[in-house]
Amino acid sequence: MFNHIQTNDFANIVRGRRSVRHYDENFKISKEEMNEMIAEASLAPSSANMQPWRVVVVDTPEGKEKLRPLVRFNTLQNDTSSAMLFIFGDTQSYLNAEEIYNTAVEQGKMPAEVRDNQLNTILSMYPALPHEIKVEVAKVDSSLFAMQFMLVARAHGYDTNPMAGFEVDQVAKAFDLDEERYAPVMMISIGKAKVDGYESVRLSSDKITFWR
């Protein structure tokens, strides 16, 4: 999809994104298109290309009812959106290293000797990292995925809202995920806006940039 987006189009996508809270509750996004958007968002960069983001898509009435007590003051998004996405960071993403790098070699994207060197570094370093460092790396990388997903969703014509207001200590268990392995990063609502989000104000670049 991104191959067909011109510079001006991308700028409009960025400027046109709003945090929407009230969606058209009758509009649903197909599983096929949701998978397409997730795949496009997965082009985001990550440390050593470990792609630690993991996504739980909650789009059924039963799933949303289960989720409702965990989203605090964000029940309107939960009740009206096409889906609620929970982004988790996998602290054991290095377990996929061989598959990722072997596939890169098979597809001619990387020489075998580079793969061998990379795998040797990754598999000797990542497992030995302190858990808190693994969590930090997974969260940073998964946040890149989350931002890209919101831009992809906008390019598909959908609205989103990223949220941190949920029961962080309960969501992994609620979705049958290993609480030690999967670190919750954020939740994102997605759908068609019923009530437009407010246009927000941004600080000018000279207020946030330090030139040295």
Side-chain angles (χ1 to χ4, degrees), residues 1-2 29-60 62-63 66-67 70-71 83-153 160 162-164 166-190:
M1 158 158 252
F2 288 126
I29 299 171
S30 70
K31 184 176 181 180
E32 291 73 23
E33 188 173 16
M34 189 70 77
N35 276 326
E36 181 182 349
M37 289 189 288
I38 291 171
E40 290 169 355
S42 292
L43 296 173
S46 60
S47 304
N49 195 27
M50 287 297 94
Q51 306 162 48
W53 42 80
R54 303 292 179 262
V55 186
V56 174
V57 180
V58 183
D59 67 346
T60 64
E62 297 78 14
K66 182 179 182 180
L67 179 59
L70 303 179
V71 299
M84 298 286 282
L85 276 66
F86 267 91
I87 314 301
F88 290 87
D90 184 359
T91 61
Q92 296 181 24
S93 59
Y94 56 83
L95 295 176
N96 295 311
E98 291 190 11
E99 177 184 351
I100 292 169
Y101 281 85
N102 286 340
T103 302
V105 172
E106 290 167 8
Q107 294 182 0
K109 297 177 178 179
M110 177 181 289
E113 57 271 21
V114 173
R115 171 203 58 194
D116 295 342
N117 289 334
Q118 289 284 84
L119 284 176
N120 181 61
T121 300
I122 291 167
L123 297 178
S124 63
M125 180 184 70
Y126 269 71
L129 289 174
H131 182 69
E132 60 269 21
I133 299 298
K134 292 178 183 176
V135 169
E136 182 179 354
V137 171
K139 283 188 171 184
V140 169
D141 288 346
S142 298
S143 294
L144 293 172
F145 166 88
M147 185 69 252
Q148 184 137 307
F149 177 84
M150 288 185 283
L151 295 177
V152 166
T160 57
M163 295 163 279
F166 59 91
E167 303 301 334
V168 175
D169 59 339
Q170 299 178 44
V171 291
K173 184 177 181 180
F175 295 119
D176 303 316
L177 296 178
D178 183 340
E179 298 170 83
E180 278 295 305
R181 176 171 177 173
Y182 298 100
V185 178
M186 72 179 73
M187 63 180 177
I188 301 173
S189 57
I190 182 172

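Keep in mind that what you see is a predicted model, and the values were worked out from it rather than measured. As a basis for the values below, the full set of heavy atoms in this structure was taken, side chains included, without hydrogen atoms, waters or symmetry mates.
Between atom NZ of residue Lys134 and atom CD of residue Gln92 there is a gap of 6.5 Å, rounded to the nearest 0.5 Å. Separating the CD1 atom in Ile122 from the CZ atom in Arg115 is a distance of 12.0 Å, to the nearest 0.5 Å. Interatomic distance, CG of Leu95 versus CD1 of Ile100, reported as 10.5 Å (0.5 Å rounding). Taking NZ from Lys31 and CG from Asp59, the interatomic distance works out to 8.5 Å, rounded to the nearest 0.5 Å. The CD atom of Glu98 sits 6.0 Å away from the CG atom of Leu123 when rounded to the nearest 0.5 Å. Expressed to the nearest 0.5 Å, how far OG1 of Thr91 lies from CD of Glu136 amounts to 13.5 Å.
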Compile the donor-acceptor pairs under 3.5 Å between side chains in residues 169-179 and protein atoms, sequence neighbours left out, one pair per line.
unit_1: Asp178; atom_1: OD1; unit_2: Glu180; atom_2: N; d: 2.9
unit_1: Asp178; atom_1: OD1; unit_2: Arg181; atom_2: N; d: 3.4

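With a 4.5 Å cut-off on side-chain heavy atoms, Tyr182 and Asp90 count as touching. A 4.5 Å side-chain heavy-atom check between Glu32 and Glu36 finds every atom pair outside the cut-off. Counting heavy atoms from C-beta outward, Val56 and Leu85 have side chains that stay 4.5 Å or more apart. The shortest distance between side-chain heavy atoms of Met187 and Val58 does not fall below 4.5 Å. Residues Met50 and Val137 have side chains not in contact (no heavy-atom distance under 4.5 Å, counting atoms from C-beta outward).
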* To do: Kindly indicate, with the supporting measurements, whether the criterion side chain to side chain contact (heavy atoms under 4.5 Å, CB included) is fulfilled by Phe88 and Val185.
  => CA-CA 5 Å; Phe88 290 87; Val185 178; 5.6 Å; no
Step by step, work out the side chain to side chain contact (heavy atoms under 4.5 Å, CB included) result for Ser142 and Met186. CA-CA 9 Å; Ser142 298; Met186 72 179 73; over 6 Å; no
Give the intermediate values and the outcome of side chain to side chain contact (heavy atoms under 4.5 Å, CB included) for residues Leu43 and Val152. CA-CA 11 Å; Leu43 296 173; Val152 166; over 6 Å; no
task = Tell me, with the steps shown, if Gln51 and Asn49 meet side chain to side chain donor-acceptor pair (under 3.5 Å).
result = CA-CA 6 Å; Gln51 306 162 48; Asn49 195 27; 3.1 Å; yes
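For the pair Ser124 and Thr121, the tightest heavy-atom approach, listed with the atom from each and the gap, is OG-O, 3.1 Å. Leu144 and Pro45 get closest at one heavy-atom pair: CD1-O, 3.6 Å. The nearest pair of heavy atoms linking Phe149 to Ile188 is CD2-CD1, 4.3 Å. The shortest heavy-atom contact between Ala112 and Val105 is CA-CG2, 4.0 Å. For the pair Trp53 and Ala44, the tightest heavy-atom approach, listed with the atom from each and the gap, is CH2-O, 3.2 Å. The heavy-atom pair separating Ile87 from Ala146 by the smallest distance is CG1-CB, 4.4 Å.
In this structure, the side chain of Asn120 does not engage the main chain of Asp116 through any donor-acceptor pair within 3.5 Å.
Counting only residues at least two apart or in different chains, ring pair (Phe, Tyr, Trp, His ring centres under 6.0 Å) contacts with residues 93-134 are absent.
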